[in-house]
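Everything below concerns the one structure shown next.
Values below: all heavy atoms of this structure, side chains included; hydrogens, waters and symmetry mates excluded.
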Amino acid sequence: MQQFPNIMNPEDKENWVKAGKIAAEIREWSKTLIKSGAKLLDIANAIENKIREKGAIPAFPVNLSLNEIAAHYTPILNDPHVLSDQILKVDIGVCYEGAIGDTAYTVDLSGKNARLVEASQAALANVMKILKVGVTLGNIGTIVEETITSYGFQPIRNLSGHGIALYQIHTSPSIPNYNTNEKIALQKGMIIAIEPFATTGEGRIKESGEIVIYEEVSHKPIRSSIARQVIRDIENFQHVPFARRWLDEKYGVNKVSLALQQLRMNGNVQGHAPLVEISNEPVSQAEHTFLIDEEVICLTKYYY
Ligand code: CO
């Protein structure tokens, strides 16, 4: 049987349960922040501060992706976006002792995309009904695709769910959002995030726009003193993806632009550009993290 990195060590189970529970609590609480007139920057700061108050760290900067942006947008310093009539995806990652809870929801403020929101939620709910040891990746993708197309929409085929391991938000296997016919089966002990995306567009994304999320990929030495200063902060983020906003707050935008450019060229960091639906059509998302055990546990379910 193929070895996957996302098999949980049973000793860590309590931490995985706790990370998931914090993520679920914050997700539910964060819904009160999403209203017309709210600034994306205030929402991001509130959510990330709440994660830290609970004794955890953001597993990645909170993703607040509007309209045709499917994922990988987080506010910048002095971010201009204010909520009015958009469709907003809120994707929250909580890292507790390395264990990660990854969960997302969508709010439609336009009043026009309620069914689009429902489609990704229904796809996630339908997958939850069949999750167990032995279910194949092809089975999961088929259910996501059939549910979303039954609403008259398309799943986003080049975005997928994923395995999760300690301090690693994305590991194999990737969990498809359409029928790939993959025969790889879920194994006991796997931690996986299922995240269907639905769109009124074609159902593919491309990278587009300014990079606002980065990740450290190598510790190799670098000469530049500003780059060396900044990389010390990056290491304090505990090797999970970070927002350039977190650095801008401390060093200012110009210094950070220079440092990140040097760090990228030296191969220390890599950027994750916003992911935009290719036909510029609105996107919805729903996500939970699961432990595939004899009995499957939805780690980011709302518990109380
Ligand atoms: Co995820």
Side-chain angles (χ1 to χ4, degrees), residues 40 44 59-76 79 81 86-93 102-110 112-113 115-124 127 137-138 140-164 169-180 182 192-215 241-244 270-289:
L40 280 200
F60 49 82
V62 63
N63 283 208
L64 298 174
S65 306
L66 292 170
N67 300 335
E68 70 277 11
I69 304 176
H72 292 180
Y73 186 77
T74 197
I76 55 173
D79 193 272
H81 297 98
Q86 305 94 331
I87 176 168
L88 173 70
K89 278 75 61 190
V90 179
D91 194 341
I92 298 170
D102 186 6
T103 185
Y105 66 97
T106 303
V107 178
D108 173 44
L109 295 166
S110 74
K112 290 183 290 195
N113 289 307
R115 277 184 55 81
L116 186 62
V117 173
E118 214 180 295
S120 51
Q121 280 172 347
L124 179 57
V127 170
L137 301 182
I140 295 173
T142 301
I143 287 177
V144 171
E145 180 176 1
E146 284 178 354
T147 306
I148 291 173
T149 55
S150 79
Y151 277 80
F153 306 126
Q154 289 298 319
I156 294 191
R157 288 175 169 75
N158 57 345
L159 278 178
S160 49
H162 47 94
I164 306 179
I169 182 65
H170 289 139
T171 76
S172 62
S174 11
I175 318 282
N177 283 328
Y178 67 103
N179 180 13
T180 55
E182 282 168 282
I192 56 168
I194 307 278
E195 50 182 322
F197 289 83
T199 179
T200 51
E202 259 180 76
R204 297 188 73 78
I205 49 90
K206 62 170 194 291
E207 295 192 339
S208 177
E210 190 198 339
I211 296 172
V212 290
I213 297 173
Y214 289 85
E215 184 170 9
F242 63 89
R244 73 160 289 166
Q270 151 191 316
H272 296 287
L275 303 174
V276 179
E277 208 283 322
I278 55 168
S279 31
N280 282 311
E281 287 286 318
V283 177
S284 72
Q285 174 198 18
E287 181 177 25
H288 274 309
T289 302

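Considering all non-hydrogen atoms of both residues, L116 and I87 come closest at CD2-CD1, 4.0 Å. Between A193 and I175, the shortest heavy-atom contact is O-CG1, 3.9 Å. Nearest heavy-atom pair, H72 versus S65, reported as atom, atom and distance to 0.1 Å: N-OG, 3.8 Å. Taking every heavy atom of both residues into account, I213 and P241 meet most closely at CG2-CB, 4.2 Å. When all heavy atoms are compared, the tightest approach of I148 to P196 is CD1-CB, 4.2 Å. The two residues V117 and S120 have their closest heavy-atom pair at O-OG, 3.2 Å.
Looking only at side-chain heavy atoms (C-beta outward), F60 and H272 stay at 4.5 Å or farther from each other. Between V283 and I69 there is no side-chain heavy-atom pair separated by less than 4.5 Å. Residues R204 and I156 fail the side-chain proximity criterion, which asks for heavy atoms closer than 4.5 Å. Under the 4.5 Å side-chain criterion, counting only non-hydrogen atoms from C-beta, E287 is in contact with D102. Side-chain contact check for Q86 versus L88: every heavy-atom pair is 4.5 Å or farther apart. Counting only heavy atoms from C-beta outward, the side chains of I169 and H162 approach each other to under 4.5 Å. Within the 4.5 Å cutoff, no side-chain heavy atoms of V107 are placed close to those of V90. Residues F197 and N177 form a side-chain contact, since some pair of their non-hydrogen atoms from C-beta on lies under 4.5 Å apart.
Under a 3.5 Å cut-off, the side chain of K89 and the backbone N or O of N67 do form a donor-acceptor pair. A donor-acceptor pair under 3.5 Å is formed between the side chain of E145 and the backbone N or O of N179. Under a 3.5 Å cut-off, the side chain of N63 and the backbone N or O of P61 do form a donor-acceptor pair.
How far CD of Q285 is from CG of L159: 8.5 Å, rounded to the nearest 0.5 Å. Once rounded to the nearest 0.5 Å, the distance linking OG of S160 with CD1 of I140 reads 11.5 Å. Summarising the geometry, atom OG1 belonging to T199 is positioned 9.5 Å from atom CD belonging to E68; distances are rounded to the nearest 0.5 Å. Here NE2 of H81 is found 6.5 Å from CG of L40. Values are rounded to the nearest 0.5 Å. One distance of note links OG1 of T103 with CD1 of I194; it measures 12.0 Å at 0.5 Å rounding. The line from CD of E215 to NE2 of H170 is 9.0 Å long, rounded to the nearest 0.5 Å.
In this pair, F242 and Y214 present their aromatic rings parallel. The plane angle is below 30°, not in the 30 to 60° band.
Residues satisfying the side-chain contact (heavy atoms from CB on, under 4.5 Å) criterion with T147, sequence neighbours excluded, are A122, A123, N126, I143, Y151.
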- Between Y73 and D79, does a side chain to side chain donor-acceptor pair (under 3.5 Å) hold up when you go through it step by step? CA-CA 11 Å; Y73 186 77; D79 193 272; 2.4 Å; yes
- Item | Pair V144-V127, side chain to side chain contact (heavy atoms under 4.5 Å, CB included): steps then yes or no | CA-CA 7 Å; V144 171; V127 170; 3.6 Å; yes
- Item | Verdict with supporting geometry, F153 and R115, side chain to side chain contact (heavy atoms under 4.5 Å, CB included) | CA-CA 9 Å; F153 306 126; R115 277 184 55 81; 4.1 Å; yes
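Other residues, nucleotides and ligands place no more than 12 heavy atoms under 6.0 Å from the NZ atom of K112.
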Sequence neighbours excluded and cut-off under 3.5 Å, please list the side-chain donor-acceptor pairs for residues 274-281, or say none.
residue, atom, partner, partner atom, Å
E277, OE1, S279, N, 2.8
E277, OE1, S279, OG, 2.6
E277, OE1, N280, N, 3.3
E277, OE1, E281, N, 3.3
E277, OE2, E202, N, 3.1
E277, OE2, G203, N, 2.9
E277, OE2, S279, OG, 3.2
S279, OG, E202, N, 2.9
E281, OE1, T200, OG1, 2.7

